[in-house]
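Okay, structure first, notes after.
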Number of protein chains: 2
Amino acid sequence: MILKNLSIDCVIFGFKDNKLKVLLWQDETEAIKSFFTDRDNYEDVKILFEANPFRANEGYWALIGTHMPDEEDLDEFAKHILYQTTGLKDLYLKQVKTFGATNRVPFMRVVTTAYYAIINPEYHDMQQSEITKILRWFDIDKLPKLIFDHEEIINAALKKLREEVKYHPVGFHMLPEKFTLTELQSLYEVILGKKLDTRNFRKKIQKMDLLTDTEEKQTNVAHRAAKLYSFDIATYQKLREEGLKFSIQ
Amino acid sequence: MILKNLSIDCVIFGFKDNKLKVLLWQDETEAIKSFFTDRDNYEDVKILFEANPFRANEGYWALIGTHMPDEEDLDEFAKHILYQTTGLKDLYLKQVKTFGATNRVPFMRVVTTAYYAIINPEYHDMQQSEITKILRWFDIDKLPKLIFDHEEIINAALKKLREEVKYHPVGFHMLPEKFTLTELQSLYEVILGKKLDTRNFRKKIQKMDLLTDTEEKQTNVAHRAAKLYSFDIATYQKLREEGLKFSIQ
DNA sequence: CCAAAAGTGTTAGACCTACACCCATGA
DNA sequence: TCATGGGTGTAGGTCTAACACTTTTGG
């Protein structure tokens, strides 16, 4: 059974080429098949999907999401969708809010719960399924035309991410296992949308006791090689829960 | 039409007798009648309500809420519910999050979007309707038995309120028009659940430029009469949006 | 004049901002 | 040896936390 009036949409953020990106798709009936199990009535979902007048229009992109099955937990189903599209488990995933304007979907009543996720685009296995053919990363400031209120949802998620990043560490999920302080700083700059002072940034980060020096350095760079760091997972988890004592902004 | 699988629940906070309170009810079929209009099928709601096995049990209380009508905006309907129960418009209202565990309502699938509101219990007209007979304020730390996951919802709302109060002013909605600094401090202490230093608190508040000295004082108090202040609405709105430059904690 | 709450200032330490130069590397 | 980005320290100002006594009022 499918809950006709309730859907999930995921805003997937990634950091690539020094830019903040969002993963979008042009939905295709076959693609969502993998989200559902036998006990869900896939025919129902298909009918709902095909009723969407924007599907036919090449120019429109959408957040990754679909209608809720009756027998799935809301949070779990969001995780499941992310696993099916990116191949990643254990990712950073938070509810943004629920959008329930009466006319947000023109041809029927659908209330959608939005989630945002943070992933490292390098890690996710874009080759793993059918779905990947219709996925594309977009710069956060160069979004294509989006269906329904998906632009509003992305903006709400971005706002939430910006709030979050000031008081809680998030880089872990967007960066490779070993990274330089400059990469970490770029990530913050890109999320917050402004330049940070290098010396002050480094002082703040180091005071957190969050980074482990891997004793390695960059290789093959045409300048002084930067040290590579990794996150101390225990401290990372602790700070995620407790929040930073100060803010990065 | 009623959306069977989607409901709204409101956590209404108030500040009374120097304590943080939550407004709860023991739902009664007649009471929710006022939430709906003719175009909603009230019989459907009634059936859904009467299917709740906790209704019969005197000991259980609930958050104020009901199923969503098809043709109402989610946020607007939350406002409407609050107006019908408290007689207040223009109150402080925010979405907490959406709860969607499969088994949260044992006998059917209902996903609920929770809101929290902040009101001044003195102002709301508890006499105004049938509903008020079944409403009661409970101390936040002496909650009765609650149906479903309503205790979890209250805890999530409280957590959100505590986060909010650190960086944004909220007192406006909980206090009378004119209030003393001590009352404001008690409000913060009660929300945050800890004592604050009087001198430091006053310094912080005064630096915000948020309060107007009404040039009045308490009367008939058996001790030095405190000055009465009111909020500067323009500054209040500005700080609500921008947030405080520092935190109260 | 007593009880009760209102109201007020200072200091030491932590953190924040702003700012400019030398270092290591590969080409 | 040059171009490129990596890496570092200090000083002045601001915020924070801790702390105790005097003032005003009504009874």
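Throughout, protein chains are lettered first and strands after them, A, B, ... in sequence-line order, and every chain is numbered starting at 1.
Mapping Thr219(B) and Gln206(A) onto DNA chain D via the closest heavy atom, the residue that lands nearer the 5' end is Gln206(A). DNA chain C is contacted by both Glu183(B) and Asn220(A); Glu183(B) maps to the nucleotide lying nearer its 5′ end (nearest heavy atom per residue).
Comparing dC15(C), dT8(C), dT8(D) against the side chain of Lys207(A) picks out dC15(C) as the nearest. Across dA6(C), dG7(D), dC19(D), the shortest atom-to-atom separation from the side chain of Arg224(A) is found for dG7(D). Nearest to the side-chain atoms of Ala222(A) among the listed nucleotides dT4(D), dG26(C), dA18(C) stands dG26(C). Of all nucleotides listed (dG6(D), dA4(C), dT17(C)), dT17(C) comes nearest to the side chain of Lys204(A). Candidate nucleotides dT8(C), dA4(C), dG7(D) were compared by shortest atom distance to the side chain of Lys227(A), and dG7(D) ranks first. Taking every side-chain heavy atom of Asn200(A) into account, dT17(C) is the closest of dT8(C), dT17(C), dG6(D). Considering only the side chain of Thr182(B), dA6(C) comes nearest among dT25(D), dA6(C), dT25(C).
The interatomic distance linking Leu184(A) (CG) with dG7(D) (P) rounds to 12 Å, in whole Å. Put simply, CG on Leu228(B) is 17 Å from P on dT24(D), counting in whole angstrom units. Atom-to-atom, CZ of Arg202(B) to P of dA6(C) comes out at 7 Å; the value is rounded to the nearest Å. The interatomic distance linking Lys195(B) (NZ) with dA17(D) (P) rounds to 17 Å, in whole Å. At whole-Å resolution of the value, CZ in Phe201(B) and P in dA18(D) are 16 Å apart. Between the C1' atom of dG7(C) and the NE2 atom of His223(B) lies a distance of 13 Å, rounded to the nearest Å. If you take NZ of Lys217(B) and C1' of dA6(C), they are 9 Å apart, rounded to a whole angstrom. The nearest whole Å value for the distance from the CD atom in Glu216(A) to the C1' atom in dG6(D) is 17 Å.
End-to-end axis angle of the helix from dC1(C)-dG27(D) to dA27(C)-dT1(D), from C1' rotation axes over five pairs per end: 0° (rounded to 10 degrees).
Between the base of dA6(C) and the side chain of Arg199(B) there is no donor-acceptor pair shorter than 3.5 Å. The base of dT10(D) lies close enough to the side chain of Lys203(A) for a donor and an acceptor atom to sit less than 3.5 Å apart.
Two residues are said to be in side-chain contact when any heavy atoms from C-beta on lie closer than 4.5 Å; Arg162(B) and Ile191(B) meet this criterion. A 4.5 Å side-chain heavy-atom check between Asp149(B) and Arg104(B) finds at least one atom pair inside the cut-off.
Side-chain polar atoms of Thr98(A) and Thr98(B) form a donor-acceptor pair below 3.5 angstrom.
Looking at heavy-atom distances under 4.0 Å, Ala226(A) makes contact with sugar-phosphate atoms alone, never a base. No contact: Thr180(B) has no heavy atom under 4.0 Å from any strand.
Lys94(A) has a carboxylate O that lies under 4.0 Å from a charged side-chain N of Glu164(A), or vice versa, which qualifies the two as a salt bridge. Lys160(A) and Glu163(A) are not joined by a salt bridge, as no carboxylate oxygen comes within less than 4.0 angstrom of a charged side-chain nitrogen.
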Report task. Go through Trp137(A) and Val22(A) one step at a time and tell me if the side chain to side chain contact (heavy atoms under 4.5 Å, CB included) criterion holds. Result -> CA-CA 5 Å; Trp137(A) 287 102; Val22(A) 186; 5.6 Å; no

Requested in this report: Show the numbers, then the answer: is there a salt bridge (charged side-chain N to carboxylate O under 4.0 Å, His left out) between Glu216(A) and Lys178(A)?
Outcome: CA-CA 9 Å; Glu216(A) 291 175 59; Lys178(A) 296 170 185 175; 2.5 Å; yes

Report task. Walk me through it: do Ile153(A) and Thr112(A) pass the test side chain to side chain contact (heavy atoms under 4.5 Å, CB included)? Result -> CA-CA 10 Å; Ile153(A) 296 176; Thr112(A) 197; 3.9 Å; yes

